[in-house]
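Working notes, beginning with the structure itself.
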Amino acid sequence: MTAPKIFIYNTLTREKEEFVPIQPNHLGLYVCGPTVYGEAHLGHARPAITFDLVVRFFRHLGYKVRYVRNITDVGHLVDENAGEGEDRIAKKARIEELEPMEVVHKYTESYQHFMRALNVMSPSIEPRASGHIIEQQEMVRQILKNGYAYESNGSIYFDVLKYNQKYNYGKLSGRNLEDLLENTRALDGQSEKHNSFDFALWKKASPEHIMRWPSEWSEGFPGWHMECSAMSMRYLGQTFDIHGGGMDLVFPHHEAEIAQSTAANGHEAVHYWMHNNMITINGQKMGKSLGNYINLSELFSGNHKLLEQAYSPMTIRFFILMAHYRGTLDFSNEALQAAEKGLDRLMKAMQSLDKIKISEASTIEIKPLSDKCYQALADDFNSPILIAALFEAVSMVNNLVAGNEKITSANLQELKTLFNDFVLEILGLLPDGKSETDGNNLSSQLIDLLLNMRMEAKRNKDWATSDKIRSQLTAMGVEIKDTKDGFEWEMR
RNA sequence: GGUCUCGUGGCCGAGUGGCUAGGCAUCGGUCUGCAAAACCGGGUACAGCGGUUCGAAUCCGCUCGAGACCUCCA
């Protein structure tokens, strides 16, 4: 397969653009990671899985990918305008009676644990804001030197007005300064900022603020947009291919990043901006600040008032991949259950591949289907289209097993490759460990024994006995499927 | 208030000018001692109104409805 042309929807231009890497066959990707002050929730899963798909697809196509996803472990103020507001990590530390760094450590590990459960590949580099204070300070210096920032009472602020004279502040989010001026409260007379839309590059720490580092301006901490600009530059260079994150970060976070990079380096850093949409619950965004979020641990255990049952990590993964990343995805038990069943059917078909008997000639073609799969992903990572194509393959497999279609050895190999590549490698769906039909342990041997006895009863037309075995095994959670010449079973 | 997005069959969710999306549910049939599984098939949707066009879910306008961002959030 020659590599297809990849088209990516670029938030900057609001158009799908052909992807042209800076270096052929290399991809530099930066994605905004979580602020680690709480349990990972369903919302965190979406960008992680979205960009996991991107990385997996590029790697499959032979790209060398450097994937940087940061951990934000420097607290941002709850209310920046209030100035003296408590930061989120410090607040959590106080509530849980922990050191801020204990909070950060705990939730970083938790996040990584849940991402592994979702089979999200670890990024190439997972840098922390607290470990890159020097890089951030250096970038602040550069911006100051270039005249796009000013000092005010020990803090450094980005001069948006000045920047906008030469560049365009608001180009990513489609805003202009006049609107911003009108729509921000003009009522903070003792603000250190020249204008309400200026943002902090370095913030002087109040006496009680715990996370603080020395600098020539003050003891303080970096402003909340600095880390991504500084760390992406450090690991991916002054320009790189793709920057991703949730749509809620477009403004102000990514807008500020563009301004910072441009002010420091004289040019923008990012070629393609990608943003995943939100997960909604009853049509409303699921978010920490709205208090309507569901933790991943709750999802996996079913322990939440909105959940009718537990959902496996792979069900969650499949659920997210069944929708295109740029659309909102509405949470409901019904939708999740549909995803669970669909995934089950997909995985069963994969297992059935080994049961297919080879023929001299094929009555089916694999190539068109395979092309469809590549085209789907090449068109802005359209995973729902890919999944639709994979269900065509499922139907193919089932028909082959049933003997309705025929396939040659070579074509069967193609079909197996298709499933392996797209289901396992690219979509990253793992066979669930739910059905332990390995036949090695005692209980599966006992089940086999009982079902063999049932077969015998059936041969003797002793329906009473055969149905009794079936109904009791079913009650124990063993699902029995009779086949032409025997039986299959699995644990429910 | 400003900027923007969206409204698809019972549910989820693709599609952007003419050609079956797909999944789940449901109904009918095949297979089966019965069932399950599997297979085959059915329903034929595009918020409303108007316009452009030979032709619109798809383009334009208006109306209604929902949501996002403008403060931290994935």
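Lettering follows sequence order; numbering is per chain, from 1. None of the values given here were measured: they were computed from a predicted structure. When reading the values below, keep in mind they use all heavy atoms of this one structure, side chains included, and skip hydrogens, waters and symmetry mates.
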Checklist entry - Starting at the 5' end of RNA chain B and moving along, which residue's nearest nucleotide shows up first, A:A388 or A:T280? => result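 On the 5' side of the pair lies A:A388.
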
Checklist entry - When you match A:M286 and A:K16 each to their closest nucleotide on RNA chain B, which lands nearer the 5' end? => result A:K16

Have a look at [X] and say if it touches a base, only the backbone sugar-phosphate, or nothing, with a 4.0 Å heavy-atom cut-off.
X      : answer
A:N176 : nothing
A:G43  : base
A:E488 : nothing
A:H275 : nothing
A:K341 : sugar-phosphate
A:T328 : sugar-phosphate
A:M247 : nothing
A:L346 : nothing
A:L249 : sugar-phosphate

When you compare [N] with [M], how far apart are their [atom1] atoms, in angstrom units rounded to a whole number?
N      : M      : atom1 : result
B:rA14 : B:rA21 : P     : 15 Å
B:rC11 : B:rU26 : P     : 15 Å
B:rC4  : B:rU44 : C1'   : 34 Å
B:rU3  : B:rG42 : P     : 49 Å
B:rG1  : B:rU20 : P     : 44 Å
B:rG65 : B:rC49 : C1'   : 15 Å
B:rA45 : B:rU58 : P     : 14 Å
B:rC31 : B:rC40 : C1'   : 11 Å

Side-chain N or O of [X] closer than 4.0 Å to phosphate OP1/OP2 of [N]:
X      : N      : answer
A:N398 : B:rC39 : yes
A:N404 : B:rA38 : no
A:R470 : B:rA36 : no

Item to check | Ring centers of A:Y67, A:F51 separated by less than 6.0 Å | outcome: no

Checklist entry - Do other residues, nucleotides or ligands put more than 12 heavy atoms under 6.0 Å from the NZ atom of A:K481? => result yes

Next on the checklist: Between B:rG33 and A:W463, is there a base-stacking contact, meaning the centre of the base's six-membered ring lies under 5.5 Å from the residue's ring centre while the planes stay under 30° apart?
Outcome noted: yes

Between [options], which one does the side chain of [X] approach most closely?
X      : options                : answer
A:K481 : B:rA37, B:rG13, B:rA68 : B:rA37
A:N399 : B:rA36, B:rC39, B:rA74 : B:rC39
A:H324 : B:rC40, B:rA37, B:rA14 : B:rA14
A:P384 : B:rA37, B:rC73, B:rA21 : B:rA21

Item to check | Spacing between A:R454 atom CZ and B:rA36 atom P, to the nearest angstrom | outcome: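 From A:R454 CZ to B:rA36 P: 13 Å.
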
Next on the checklist: Rounded to whole Å, how long is the line connecting atom CZ of A:F331 with atom P of B:rG13?
Outcome noted: 12 Å

Next on the checklist: Please verify the inter-ring angle class for A:H209 with A:F221; under 30° counts as parallel, over 60° as perpendicular, anything in between as tilted.
Outcome noted: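 Plane angle under 30°, so parallel.
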
Item to check | Under-3.5 Å donor-acceptor pair between A:D330 side chain and B:rG13 base | outcome: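 There is none.
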
